[in-house]
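A short worksheet on the structure shown next.
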Amino acid sequence: MDYNFQEIEARWRKEWAEMKTYHVEADASKPKYYVLNMFPYPSGAGLHVGHPLGYIASDIYARYKRLKGYNVLNPMGYDAYGLPAEQYAIQTGQHPEVTTNANIARYREQLDKIGFSFDWDREVRTCAPDYYKWTQWAFQKMFNSFFCNACQSARPIEELTEHFEKHGTKGIQAACSEELSFSAEEWKAMTPKEQSDVLMNYRLAFMGETMVNWCPELGTVLANDEVVNGVSERGGYPVEQKKMRQWCLRVSAYSQRLLDGLDTIQWSESIKETQRNWIGRSEGTEMRFQVKGRDEHFTIFTTRADTIFGVTFMVLAPESELVGQLTTEEQREEVEAYVKYVKGRTERERMIDHKVTGVFSGSYAINPFTGEEIPVWISEYVLSGYGTGAIMAVPAHDSRDYAFARHFNLPVIPLIEGADVSEESFDAKEGIVMNSPAEGVETLAGFSLNGLTVKEAIAATKKFVTEQKLGRVKVNYRLRDAIFSRQRYWGEPFPVYYKNGVPTMVPEECLPVMLPEVADFKPTKTGEPPLGNAQVWAWDEANRCIVDKALIDEKTVFPLELFTMPGFAGSSAYYLRYMDPHNDAALISEEAAGYWKSVDLYVGGSEHATGHLIYSRFWNKFLFDLGVSKSEEPFQRLVNQGMIQGWSSFVHRVKNTNKYVSFDLLEERLSDDKKTKQYFYEGTETDPIHADISLVSGNVLNVEGMRQWRPEFSDAEFVLNVEGQYIVSQAVEKMSKSKYNVVNPDDICEKYGADTLRLYEMFLGPVEQSKPWDVAGIDGCFRFLKKAWSLFDKALEAPAAEPTKDNLKTLHKLIKKVSEDIEAFSYNTSVPAFMVAVGELQQQKCQSREVLATFAILLAPFCPHFAEEVWHRLGHDTSVCDAQWPEWNEEYMKESAVTLGVQFNGKVRFSMDFPVDATSPQMQEMAKAAPEAQKYLDGMQIVKIVAVPGRIVNFVVRPA
RNA sequence: GCCCGAAUGGUGGAAUUGGUAGACACGAGGGACUUAAAAUCCCUUGGCAGCAAUGCUGUACGGGUUCGAGUCCCGUUUCGGGCACCA
């Protein structure tokens, strides 16, 4: 009987669904294991072969763990809110929900063909009201919390108001946007609006007037991780800086915990490093500088306090509030012009050219150590969002300060012995300090750093600054608060209304606040976000319901928030919801949270390193503080699957013609910058144009198909080579619809079956690595399954037999290899092990039902349909999923004989055969053979015996 | 510029973590079966020399440690990834 994968796979697909084979419930009698994939955004293009890579890898792990006796949670869902559906809606008027549901249906159909062990009863969709209810709920909890710096934990906001009423801000240690100072009396005297504004300064979800990344093209603000190289990640549109009122999450409050947590989880070093970079902890000193001739001072942040004697100017960020205060009348006009110039530059312009620009403020600061006067400048190279927005410039030891000093002719004072600062600054934190102070300069309390190493000098300065109360030691983080509102339609609405200008939460019992219907998905004519188009979008406080906007009276009926939440809102805690997806009383029950705790294995792309994976950790830590999540970290082990790239094919069109020339007729030249290759035909340059890979076999183009494919090719001229063929050029690129290089998993399932697809994707290379999809190699995997099938087929037709020694040896070698490989996520090496094992069993004419059944269990994680089929043909009536993973036994694997050799100088050798067993007489013999060998090696001593089981034994010898 | 990571046949990639380099697969070549093709099976396949046994050489390049290095150390080159006026 042939391997009829289509029939087998269809049957088991149906069976598993009917039997709910993959349904899972919390079960205290079994250890749990939680496997999770990053849930997909269901795009209109459907799945390509790259998508399932991670799903297959994690599915293998989930199935393996289940066979090992774990209660495995392996859910799947959809990150359903997103920009493409909304943009499609704007173009076509089609409601995003309609397109999203259609896409989800398509995804589901594709996923179902690949044989995953997902528990679909637990599916979540971020756009479902019973799901986003809990996104809104978490937001409200953040709104009603602040972060206590002393206990490093979120606390109810009431604790803060109580404290304000008793003591004002005195003794408050809370994460905030801005340090405030007021007394209890002042607090009590504030209007509700004023109190609300003060509390916004502390809430974990707060409304803040901040510089945001505004993308005019998309009509919305973007988070820092959504801006790449100064343009929007999606679409690549320019992004500018704009001050706007926005909802924000105080992610920065958790900086230290986010950093510390990294040491407790098994993630790749590179992702951890990326997150450490993004958090950007830097330990330094904040120092106060007096302004000359005025009773004012300002504070700077530096990590190089030791360079205080080399400060020759100060620099303020143009956006800094200090600019207004420190600009003198004479300089005002010039400064204002400069600030205006800086505002006019986009983020991208600033990034691309680091122009040295700046202007003198007119003021001088006093060096607190020496009393020297230092001019205060303003320049865009100082960022307002980091530190205090002001720096002390030490041109000798900072390259940016150096460039500025050279440009504006400011003095450069070297402070490190032997540092040559005539051409560039000396930035390294090493060497011996000098000129600190320079000879003859008197300093505060006679302070001197001369002769110390830089590290000692930094420590000494910190100590001195603290003692003399010139400032304080301070830790700064680069991590910014996340901007949490978007000016879009297709996202979670905020459960917030504006009561006389004060943002107020819709009562928890009334959640979710459902996304309203709108007539138009575009922003309103007055520039309001799309929700401004909703007619029924006001909150009736008395009746606790959403009502028509026309009823707004500012007494009991108030306008609702028009912003929606960003993409990361719904994806930040979805892994918790999977634990208890139908609970409508809580995000998750105590029992579910206590049992499943956190994700043991998380699989997804590394592109989320600074987005989702930070927000999720933050969100989870917050819920952990609330006691909802039972684990400080959401994802214990993270595996980043690589991308599967596609081989794109190109036809070459001669410039300004409709003539396409076979690739082998072109002449290759390097471009002027010698980085890219260009191809010429008879001296004229050609442009490579994507051709659909379905029209190419090998590297030969189906010219007729090409003509029919798209109208522009129908009357094109194709110049063929001498064999009458049109050769395309090929290159590896990201798999994408627009590059016509997409391989659809459906086609592979159709032609080879899901089991072959699964096996092949794993065989292609390490899961973590990006690699191109190579169509040719899949035959090898398909052949393997056919061979394995015939092995079972033949054995089942023959009478059953006891396992032979060789059978057991092959089997146990395989058990060991596969078990170890799965644990290590090294599937690409276990596939060959299966191939070898099948070859051996075939040769042994294995007829043992027992051996074959065990083989089926081992194969089950990789090729579940196949395994299930043969498992049943072997006479089992329960699913192979409920079998038990076998243990290997070293006994069976012992080699019967090895070759013993002595090697010295690569010349002297002898050999003998003996069974491998440390206690066997033959092994003892081998030990004796060591002195025996000495007679071959006169004057040598054997220092070490290296035995490789089944291989060779080397005696390591040295002159005695 | 700074911080990671990588480099092994024609190709994807193995190598028990310091112990026979190139598993397994693809591709290529040869053969069997077949009228033929597909499918299947067998053999060869890093390079050089040789009929052969075998020998020499070989893991980006140059050094080093070691009885022994793809693996460890130092330097160089190239390619990926991340961060980037973060004081």
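Side chains are part of it too, since the values below use all heavy atoms of this structure and drop only hydrogens, waters and symmetry mates. Protein chains get the first letters and strands the later ones, always in sequence-line order, with residue 1 at the start of each.
Close to rA87(B), at under 4.0 Å from its OP1 or OP2, lies no side-chain N or O of Y381(A).
At a threshold of 4.5 Å between non-hydrogen side-chain atoms, the residues K429(A) and T303(A) count as touching.
rG50(B) and rU34(B) are spaced 38 Å apart, taking the C1' atom of each and rounding to whole Å. Separating the P atom of rG46(B) from that of rA52(B) is a span of 15 Å, rounded to the nearest Å. Distance check on atom C1': rA60(B) versus rC56(B) gives 22 Å, rounded to whole Å. Nucleotides rC74(B) and rG5(B) place their P atoms 12 Å apart, quoted to the nearest Å.
Helical stems involving RNA chain B, defined as 3 or more consecutive Watson-Crick or G-U pairs under 3.5 Å, span B:1-7 with B:77-83, B:10-12 with B:24-26, B:27-32 with B:40-45, B:46-49 with B:54-57, B:60-64 with B:72-76.
In the model, T810(A) has a side-chain atom that pairs as donor or acceptor with a side-chain atom of Q844(A) under 3.5 Å. For Q645(A) and S770(A), the side-chain atoms include no donor-acceptor pair closer than 3.5 Å.
Nearest-nucleotide mapping onto RNA chain B: of S384(A) and T274(A), the residue sitting toward the 5' end is T274(A).
Under the rule for a side-chain hydrogen bond (donor to acceptor under 3.5 Å, both in side chains), T756(A) has no partner lying at least two apart in sequence or in another chain.
Under a cutoff of 6.0 Å and an axis angle of 45°, R617(A) and W278(A) do not form a cation-pi pair.
At a threshold of 4.0 angstrom between heavy atoms, the contacts of V315(A) with the nucleic acid are absent.
For residues 275-283 of chain A, proximity to RNA chain B is found at S282(A), defined as any non-hydrogen atom under 4.0 angstrom from a strand atom. In the region residues 300-308 of chain A, proximity to RNA chain B at under 4.0 angstrom, judged on heavy atoms, holds for F301(A), T302(A), T303(A), R304(A).
Using cut-offs of 30° and 60° on the angle between ring planes, the pair Y3(A) and F782(A) is tilted. The aromatic rings of W377(A) and F404(A) stand perpendicular to each other, their planes meeting at an angle above 60°, with 30° marking the opposite boundary.
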For nucleotides 13-15 of chain B, give me every protein contact, N/O to N/O, under 3.5 Å, one pair per line with atom names.
{"from": "rG13(B)", "atom 1": "OP1", "to": "Q769(A)", "atom 2": "NE2", "distance (Å)": "2.4"}
{"from": "rG13(B)", "atom 1": "O3'", "to": "N828(A)", "atom 2": "ND2", "distance (Å)": "3.4"}
{"from": "rA14(B)", "atom 1": "OP1", "to": "N828(A)", "atom 2": "ND2", "distance (Å)": "2.9"}

Quick test: give all pairs of protein nitrogen or oxygen and nucleotides 39-45 of chain B nitrogen or oxygen below 3.5 Å, distance rounded to 0.1 Å.
{"from": "rU40(B)", "atom 1": "OP1", "to": "K786(A)", "atom 2": "NZ", "distance (Å)": "3.3"}

